[in-house]
Asks: 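Below are the structure tokens for one structure; questions will follow.
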Amino acid sequence: MPELPEVETMCRGIAPLVGRKIVAAGRLPCQRRPIAVTPGPAGWKSRVVGQKIDRIDRVGKRVVIVLSNQERIVFEPRMTGLVLMAEPPSIEHLRFHVDVSTRKEPLQLRFWDRRGLGSVRLYSAQEFESAFQSGKIGPDALAVSPAQLKECFAGCRQSIKPALLDQKRLAGVGNLYASELLFSAGVHPAIRCHRLTDKQWKAIHKTMLKVLRTAIRYEGSTLGDGTYRNALNKAGGYQNKHRVYNREGLPCPVCTTPIQRFVQTQRATFYCPNCQADALGQLEEPTSWES
DNA sequence: CGTTCAACCTGGGCGC
DNA sequence: TGCGCCCAGGTTGAAC
């Protein structure tokens, strides 16, 4: 679930931890398969306890805790992981925690993950540098200029929607926001990158920033299963603003044409066949993306 | 090299 | 009520 807006909300939610000192860290006993923690919990204590939290960064869809010794704790929520300071939705899915000291009362930083596809990893400064250097992950979706955005997809012949999900090209956009931003840009999700006009790239850039920033303001999207929560275990609000995602058959908010759903590289895509029509004839294979 | 697909997991929703 | 199947915000690595 968590895409850029949700992960950004997690980062902002745990900002009160900055400047405080870690007093304990470890994987909690869990009846489920334990979350992937690298290195093993035993190796954590000597490297983490006593360190101050200098800063909290976001790298694409990951939360990065920067410690005073320059090591990094990286939370990768994947589909259902949550970074919490509040009580978790259910205790049996709580798989990792860090206790952080404070003058008044202790705070806890927890990683909760229902499906357990996420991970927690501790990196040395050097390991972090090489793991997230350019080439391994693209520039952040909120930080690119229109020209840089186009450059991210230079030479790409893939359809735009699945291409937007490629974190090596551009970091942060996921399945939900890809559909939403292409709708706002009026661009058909199956048009191949190399056929997009400069005007369309500019529209994609503009609507990408707008959609992501607005979603951050609403603290992300909590879908029907209610899994996504901010750091204080509160649901987001952007799901009420979705214009095409999960709205198959419902009227387009602009033209009332029924929203359509189809599958691209195993992921659901939602779009309006009227607002995102192939007006410029850029779809070379008109039937390949159907059904 | 690009793309396709199964796999990693849990649980909600649906049809029968 | 229950069972089986399909679906889900992401990512990886193997197989074409």
Side-chain angles (χ1 to χ4, degrees), chain A residues 1-10 30-38 58-63 74-83 88-96 111-121 131-132 135-138 141 153-181 190 192-194 211-212 215-216 218-230 235-242 244-249 261-270 285 288-289 291:
Chain A
M1 163 226 321
E3 305 181 25
L4 186 152
E6 290 77 24
V7 177
E8 178 66 24
T9 302
M10 293 175 185
C30 178
Q31 292 165 349
R32 321 269 170 161
R33 170 183 147 280
I35 196 78
V37 175
T38 312
R58 178 181 56 76
V59 174
K61 301 173 189 172
R62 296 174 175 88
V63 175
V74 177
F75 293 109
E76 187 180 358
R78 298 251 181 134
M79 294 289 266
T80 49
L82 296 182
V83 175
S90 72
I91 196 71
E92 69 265 28
H93 297 298
L94 181 58
R95 305 183 192 221
F96 190 83
F111 188 77
W112 178 95
D113 191 345
R114 177 165 62 79
R115 287 170 73 177
L117 302 178
S119 69
V120 180
R121 183 162 177 172
F132 297 103
K136 302 279 181 69
I137 187 165
F153 300 93
C156 178
R157 304 182 73 81
Q158 233 185 343
S159 295
I160 179 62
K161 194 268 189 171
L164 282 167
L165 303 186
D166 183 350
Q167 303 297 298
K168 287 192 175 64
R169 295 188 179 279
L170 179 73
V173 175
N175 200 46
L176 189 164
Y177 294 102
S179 281
E180 288 295 321
L181 75 89
R192 292 174 190 272
C193 293
H194 65 103
V211 166
L212 295 177
I216 290 170
Y218 281 83
E219 302 203 306
S221 301
T222 299
L223 298 182
D225 69 4
T227 298
Y228 170 69
R229 303 272 150 178
N230 70 12
Y238 194 72
Q239 64 280 1
N240 300 317
K241 300 300 222 180
H242 293 174
V244 291
Y245 186 79
N246 246 351
R247 296 181 58 82
E248 183 183 19
R261 174 191 190 273
F262 69 108
V263 174
Q264 290 178 293
T265 62
Q266 303 177 295
R267 319 295 306 278
T269 297
F270 299 86
E285 300 155 288
S288 66
W289 43 268
S291 125

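Since the model is a prediction, treat every value here as computed from it, not as a measurement.
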Asks: Using only side-chain N and O atoms of A:His93, determine if any of them is under 4.0 Å from OP1 or OP2 of B:dC9.
Replies: no
Asks: Rounded to the nearest 0.5 Å, how far does CD of A:Gln264 lie from OG of A:Ser179?
Replies: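 Rounded to the nearest 0.5 Å, the OG-CD separation comes to 8.0 Å.
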Asks: What is the separation between atom CZ on A:Arg115 and atom P on C:dC6, rounded to the nearest whole Å?
Replies: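 Roughly 16 Å, once rounded to whole Å.
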Asks: Can you tell me how far P of B:dG13 sits from CG of A:Asn246, to the nearest Å?
Replies: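 It works out to 13 Å between those atoms.
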Asks: Does the side-chain contact (heavy atoms from CB on, under 4.5 Å) test come out yes or no for A:Met79 and A:Thr227, once each step is laid out?
Replies: CA-CA 9 Å; A:Met79 294 289 266; A:Thr227 298; over 6 Å; no
Asks: When you compare C:dC5 with B:dA7, how far apart are their P atoms, in angstrom units rounded to a whole number?
Replies: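 After rounding to an integer number of Å, I get 16 Å for this pair.
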Asks: Name all residues meeting the ring pair (Phe, Tyr, Trp, His ring centres under 6.0 Å) criterion together with A:Tyr228; count only those two or more places apart in sequence or in a different chain, and write none if there are none.
Replies: none
Asks: From C:dG10, C:dC7, B:dT10, pick the nucleotide closest to the side chain of A:Asn175?
Replies: C:dG10
Asks: Working to the nearest 0.5 angstrom, can you tell me the gap between A:Glu248 CD and A:Thr269 OG1?
Replies: 11.5 Å
Asks: Could you check whether A:Gly116 gets within reach of a base, just the sugar-phosphate, or nothing at all, counting any heavy atom under 4.0 Å?
Replies: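 Nothing, no nucleic acid heavy atom in range.
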Asks: Between A:Arg95 and A:Thr265, which residue's closest nucleotide on DNA chain B lies nearer the 5′ terminus?
Replies: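 It is A:Thr265 whose nearest nucleotide is closer to the 5' end.
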Asks: Look at all strands and tell whether A:Tyr245 reaches a base, only sugar-phosphate, or nothing, counting heavy atoms closer than 4.0 Å.
Replies: sugar-phosphate
Asks: Between CD of A:Glu3 and CG of A:Leu176, what distance do you get to the nearest 0.5 Å?
Replies: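 Output value for this atom pair is 5.0 Å.
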Asks: Can you tell me the distance, in whole Å, between the CZ atom of A:Arg157 and the P atom of B:dT4?
Replies: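 Going from CZ in A:Arg157 over to P in B:dT4 covers 14 Å.
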Asks: Over how many whole Å does the gap from A:Asp225 atom CG to C:dG10 atom C1' extend?
Replies: 14 Å
Asks: Going from CG on A:Asp225 to OG1 on A:Thr80, what distance comes out if it is rounded to the nearest 0.5 angstrom?
Replies: 8.5 Å
Asks: Report the residues that fulfil side chain to side chain donor-acceptor pair (under 3.5 Å) with A:Lys61, sequence neighbours left out, ordered by chain and then residue number.
Replies: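 Testing A:Lys61 for side chain to side chain donor-acceptor pair (under 3.5 Å), a comparison that skips the adjacent residues, returns none.
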Asks: Quote, to the nearest angstrom, the P distance that separates B:dC9 from C:dG13.
Replies: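 It comes out at 15 Å once rounded to the nearest Å.
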Asks: Go through the structure and list residues passing side-chain contact (heavy atoms from CB on, under 4.5 Å) with A:Arg169, not counting sequence neighbours.
Replies: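 Result, side-chain contact (heavy atoms from CB on, under 4.5 Å) vs A:Arg169: A:Phe153, A:Cys156, A:Asp166.
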Asks: Represent DNA chain C in dot-bracket notation, 5' to 3'. Only Watson-Crick or G-U wobble pairs with both distances under 3.5 Å count; pseudoknot-style crossings use [ ] and interstrand partners use |.
Replies: .|||||||.|||||||
Asks: Just to verify, what does A:Phe132 make a ring pair (Phe, Tyr, Trp, His ring centres under 6.0 Å) with, not counting sequence neighbours?
Replies: A:Tyr123, A:Phe128
Asks: What is the distance from NE2 of A:His194 to P of B:dG2, rounded to the nearest Å?
Replies: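 The distance from NE2 of A:His194 to P of B:dG2 comes to 13 Å, rounded to the nearest Å.
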Asks: To the nearest Å, how far apart are A:Glu92 CD and B:dT10 P?
Replies: 12 Å
Asks: Output the rounded distance in Å from CE (A:Met79) to C1' (B:dA7).
Replies: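 Rounding to the nearest Å, CE of A:Met79 and C1' of B:dA7 are 13 Å apart.
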Asks: Between A:Met10 (CE) and C:dG10 (P), how many Å, whole number?
Replies: 12 Å
Asks: For nucleotides 11-16 of chain C, give me every protein contact, N/O to N/O, under 3.5 Å, one pair per line with atom names.
Replies:
residue : atom : partner : partner atom : Å
C:dT11  : OP2  : A:Lys61 : NZ           : 3.0

Asks: Measuring from the side chain of A:Gln158 (C-beta onward, heavy atoms only), which nucleotide among C:dG10, B:dG11, B:dT3 has the closest atom?
Replies: B:dT3
Asks: Give, for atom CZ of A:Arg78 and atom OG of A:Ser119, the distance between the pair rounded to the nearest 0.5 Å.
Replies: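 Spacing of CZ (A:Arg78) from OG (A:Ser119) equals 6.0 Å.
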Asks: Closer to the 5' end of DNA chain B via nearest nucleotide, is it A:Arg169 or A:Arg114?
Replies: A:Arg169
